[in-house]
Amino acid sequence: MHLPRLVISGLSGGSGKTLLSLGLTRAFRQRGHRVQPAKKGPDYIDAAWLALAAGRPAANLDPYFLPARALPAALARTAVRFSPHGAEPDLAIIEGNRGLYDGRDVHGSCSTAQVALALDAPVLLALNCTKMTRTAAAVVAGVVSFVPALRFAGVVLNNVGNPRHAAQVRQAVEYYTDIPVLGELPRLRENPLPERHMGLELSPASRDPHVRAKRERILDFLAAYAAEHINLDAVLAAASSSPELPAPDTDTLPAETAEAGTPPSGTMRPRIGFVRDDALWFYYEENLAALRDAGAELAELSLLDAAPWPALDGLYLGGGFPELFPDALSASPHLADIRALAESGRPLYAECGGFMLLCRALRLDGREVPMSGLLSVSTEFLPRPQGLGYVEALTTGDTPFHPQGSAWRGHEFHYSRCTWGDSLPDFALTLSPGCGMGNIDGKGRDGLIAGPRNNVFASYIHLFAPAVPHWAPRFVAAAQRTAPPVKKSSVRE
């Protein structure tokens with residue numbers, strides 16, 4: 001598959017790689033290119049902004065969830081899946097995370113560098129040049145020589161103070177190294193992407209037309225900023241040096257079972273709803289695709305809109321920022337819909353923010369706000385992270401979504417903690433590593449089960465469906481068992 005590609009990285013978080021990635025993605029789109037965005041995960045926020053910039057869903061590329069050899073096929077699969085009428089992308093821009101070589105251990109496992117090597121893609125380095133001139137050359141020389149097998153497209157000098165500063169840094173880098181300087185980005189007086197405790201503040205999922213218009217203005221500004229100060233032709237030429245990408249197939253991806261597959265004759269595709277609004281919007285597109293591939297029809301919903309929900313056979317509640325909308329969520333008429341769905345025995349899967357919604361209450365700012373009450377525990381929002389990083393989960397409880405005894409990987413990032421009374425909950429997951437809902441006897445514990453058929457599962461853990469191949473088929477199969485038969489009119493009431 002012919003797909004020019006480029007990995008954008010930096011020396012650390014805050015190096016400017018997100019602004020650079022968004023600016024280049026939108027600038028190339030404005031030039032008429034079909035850009036496939038991707039994010040080195042785990043990440044929802046930057047990925048959602050990249051999708052907005054490109055006008056197509058972003059791929060999640062994470063060597064913790066998929067072996068390095070599977071990443072090229074994963075990128076190709078996303079590029080093909082979201083190409084209407086066969087209009088496949090002609091450029092892929094992959095944003096890294098943290099520093100280029102930062103990983104889980106001294107060997108840099110799961111680093112952005114590993115992703116670049118797996119994709120055989122050149123790296124464009126964003127270098128923050130604040131209060132630095134000649135030292136920039138030493139930094140670039142060290143970064144380039146650290147892993148000789150890695151290819152570099154060039155460097156973009158970020159946060160240059162004025163033309164004289166930019167010229168000094170460019171001259172030093174080009175004199176002492178063979179790495180071309182492809183642009184100099186002047187220091188901005190303020191960050192066009194306001195940030196908050198878990199990332200970018202302006203919700204990429206907002207349905208508010210004013211918010212949408214503001215998002216577009218920000219992305220167009222970043223595109224103009226990149227086009228004015230970066231040699232886009234040189235960037236494209238570097239991306240085009242990438243070799244052919246293997247055509248998407250299933251040979252290098254984890255095997256996906258046919259446990260659910262096509263619904264049996266005489267039944268409908270079960271309809272699984274998922275909430276995507278300002279409160280809950282953390283979903284990997286690969287997870288939604290896995291549910292569709294397993295036989296589900298998906299319905300996008302909102303908790304913040306009073307419009308009636310359609311009939312559902314299951315519900316998926318992703319993560320997000322419920323702590324920003326506690327009163328609106330508490331007053332939502334759809335909490336009754338969620339309780340009714342759970343009490344009917346239909347499958348309900350909740351991750352992180354979705355778990356917080358299912359609890360008895362959310363405590364924050366010195367007050368307690370009632371939530372759905374499906375779970376007897378509460379959550380308390382705190383100013384510092386309570387769980388952060390990759391986890392390995394062992395399923396110890398009986399759930400329709402994860403077979404008992406199954407081991408699977410995920411990640412957590414939450415500022416809330418789970419609280420309970422005198423009675424310890426019966427947790428369904430043991431984590432190693434990981435914090436989850438609490439440390440019990442030296443082990444992280446997570447996962448709560450509720451409902452008349454153990455049909456409700458809630459956890460702080462986010463999963464990536466291609467790495468947990470049993471999840472989507474089992475979810476759809478559980479929804480299928482409660483779906484109504486096909487009526488002669490073939491129309492669901």
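Taken to the nearest 0.5 Å, the CG atom of N158 stands 7.5 Å off from the OG1 atom of T130. If you take OG on S416 and CZ on F381, they are separated by 7.5 Å, rounding to the nearest 0.5 Å. Atom CG of D43 is separated from atom CG of L50 by 8.5 Å, given to the nearest 0.5 angstrom. Taking CG of L348 as the reference point, atom CZ of R346 lies at 11.5 Å (rounded to 0.5 Å). Distance check, rounded to the nearest 0.5 Å: CG of L6 to OG1 of T25 gives 9.5 Å. Summarising the geometry, atom CG belonging to N97 is positioned 9.0 Å from atom OG belonging to S111; distances are rounded to the nearest 0.5 Å.
Among residues two or more places apart in sequence or in another chain, the salt bridge (Lys or Arg N to Asp or Glu O under 4.0 Å) test is passed with D120 by R151.
In terms of modelled atom types and a separation under 3.5 Å, the side chain of R474 and the main chain of T399 share a donor-acceptor contact. Checking side-chain atoms of H33 against main-chain N and O of L236 turns up no donor-acceptor pair under 3.5 Å. Side-chain atoms of N455 do not come within 3.5 Å of backbone N or O of P400 as any donor-acceptor pair. Counting only distance, with no hydrogens or angles, the side chain of Y225 and the backbone of P186 share a donor-acceptor pair below 3.5 Å. Counting only distance, with no hydrogens or angles, the side chain of K17 and the backbone of R98 share a donor-acceptor pair below 3.5 Å. For R271 (side chain) and A296 (main-chain N/O), no donor-acceptor pair under 3.5 Å exists by modelled atom type. A distance-only check finds no donor-acceptor pair linking the side chain of H2 to the backbone of P243 [under 3.5 Å]. Side-chain atoms of T112 never come within 3.5 Å of backbone atoms of G96 as a donor-acceptor pair (strictly under, hydrogens ignored). K214 contributes no side-chain N or O that, together with a main-chain N or O of P209, makes up a donor-acceptor pair within less than 3.5 Å. Side chain of R5 to main chain of L3: a donor-acceptor pair is present (N/O by atom type, distance under 3.5 Å, no hydrogens or angles).
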| request: Kindly determine whether F355 and Y460 satisfy ring-ring contact (aromatic ring centres under 6.0 Å, His included), including the steps that lead there. | output: CA-CA 7 Å; F355 153 62; Y460 270 125; 4.9 Å; yes

| field | L71/L75 under side-chain contact (heavy atoms from CB on, under 4.5 Å): CA gap, chis, key distance, verdict | value | CA-CA 6 Å; L71 296 180; L75 176 61; over 6 Å; no

| Residues E88, V80; criterion side-chain contact (heavy atoms from CB on, under 4.5 Å); working and verdict | CA-CA 6 Å; E88 294 180 6; V80 170; 3.9 Å; yes

| message | Under the criterion ring-ring contact (aromatic ring centres under 6.0 Å, His included), I'd like the reasoning laid out for Y390 against H411: C-alpha separation, chi angles, the key distance, then a yes or no. | response | CA-CA 4 Å; Y390 292 122; H411 64 90; 7.0 Å; no

| task | Would you please test Q386 and C435 for side-chain contact (heavy atoms from CB on, under 4.5 Å) and show each step? | result | CA-CA 8 Å; Q386 302 299 300; C435 171; 5.5 Å; no

| task | Please assess F325 against D277 for the test side-chain contact (heavy atoms from CB on, under 4.5 Å), listing each intermediate value before the final yes or no. | result | CA-CA 11 Å; F325 308 91; D277 57 19; over 6 Å; no

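Here the closest non-hydrogen pair linking V476 and A294 is CG1-O, 3.4 Å. Across all non-hydrogen atoms, the minimal contact from R29 to G55 is NH1-N, 3.4 Å. Nearest approach of S241 to P122, heavy atoms of both residues: OG-CG, 4.1 Å. Residue P72 comes nearest to P246 through the heavy atom pair CB-CD, 3.9 Å, listed as atom of the first residue, atom of the second, then distance. The two atoms that bring F427 and L448 nearest to each other are CD2-CD2, 3.9 Å, heavy atoms only. Taking each heavy atom of L124 and L182 in turn, the nearest pair found is CD1-CD1, 3.9 Å.
Taking 4.5 Å as the limit, every side-chain heavy atom of P270 sits out of range of all side-chain heavy atoms of E297. Put simply, the side chain of L364 reaches to within 4.5 Å of the side chain of L362, judged on heavy atoms. Taking the side chain as every heavy atom from C-beta outward, P63 and S109 never approach each other to under 4.5 Å. For the pair L303 and W309, the minimum side-chain heavy-atom distance is below 4.5 Å. For the pair F82/R56, a side-chain contact is recorded, criterion being any heavy-atom separation below 4.5 Å from C-beta on. Side-chain atoms of L232 and F28, non-hydrogen and from C-beta on, do get closer than 4.5 Å to each other. Put simply, the side chain of S302 does not reach to within 4.5 Å of the side chain of V275, judged on heavy atoms. A heavy-atom distance below 4.5 Å is found between the side chains of W49 and R215.
The aromatic rings of F464 and Y284 sit perpendicular to each other, their planes meeting at more than 60°, with 30° as the lower class boundary. Using cut-offs of 30° and 60° on the angle between ring planes, the pair F475 and Y316 is perpendicular. Aromatic ring pairs are classed by plane angle as parallel below 30°, tilted from 30° to 60° and perpendicular above 60°; the pair F413 and Y415 is tilted. In this pair, H402 and H470 present their aromatic rings perpendicular. The plane angle is above 60°, beyond the 30 to 60° band.
Test L335, V369, L304, L280 against L329 for side-chain contact (heavy atoms from CB on, under 4.5 Å) and you get one pass: L304.
For the pair R409 and Y64, the distance from NZ or CZ to the six-membered ring centre is under 6.0 Å and the angle to the ring normal is within 45 degrees.
Separation of the F282 and F321 ring centroids falls under the 6.0 Å cut-off.
A salt bridge links R26 with D220: at least one charged nitrogen is closer than 4.0 Å to a carboxylate oxygen. Between R81 and E286, none of the side-chain N atoms (NZ, or NE/NH1/NH2) sits under 4.0 Å from a carboxylate O, so this pair counts as no salt bridge.
Looking only at atom types and distance, the side chain of S15 has no donor-acceptor partner in the side chain of N128 under 3.5 Å away. No hydrogens or angles considered: nothing links the side chains of Q36 and T78 as a donor-acceptor pair under 3.5 Å. No hydrogens or angles considered: nothing links the side chains of H462 and E412 as a donor-acceptor pair under 3.5 Å. A side-chain donor from one of R445 and T430 sits under 3.5 Å from a side-chain acceptor of the other. In the model, S206 has no side-chain atom that pairs as donor or acceptor with a side-chain atom of W281 under 3.5 Å. Side-chain contact of D446 with S459: a donor-acceptor pair under 3.5 Å is present, judged by distance alone.
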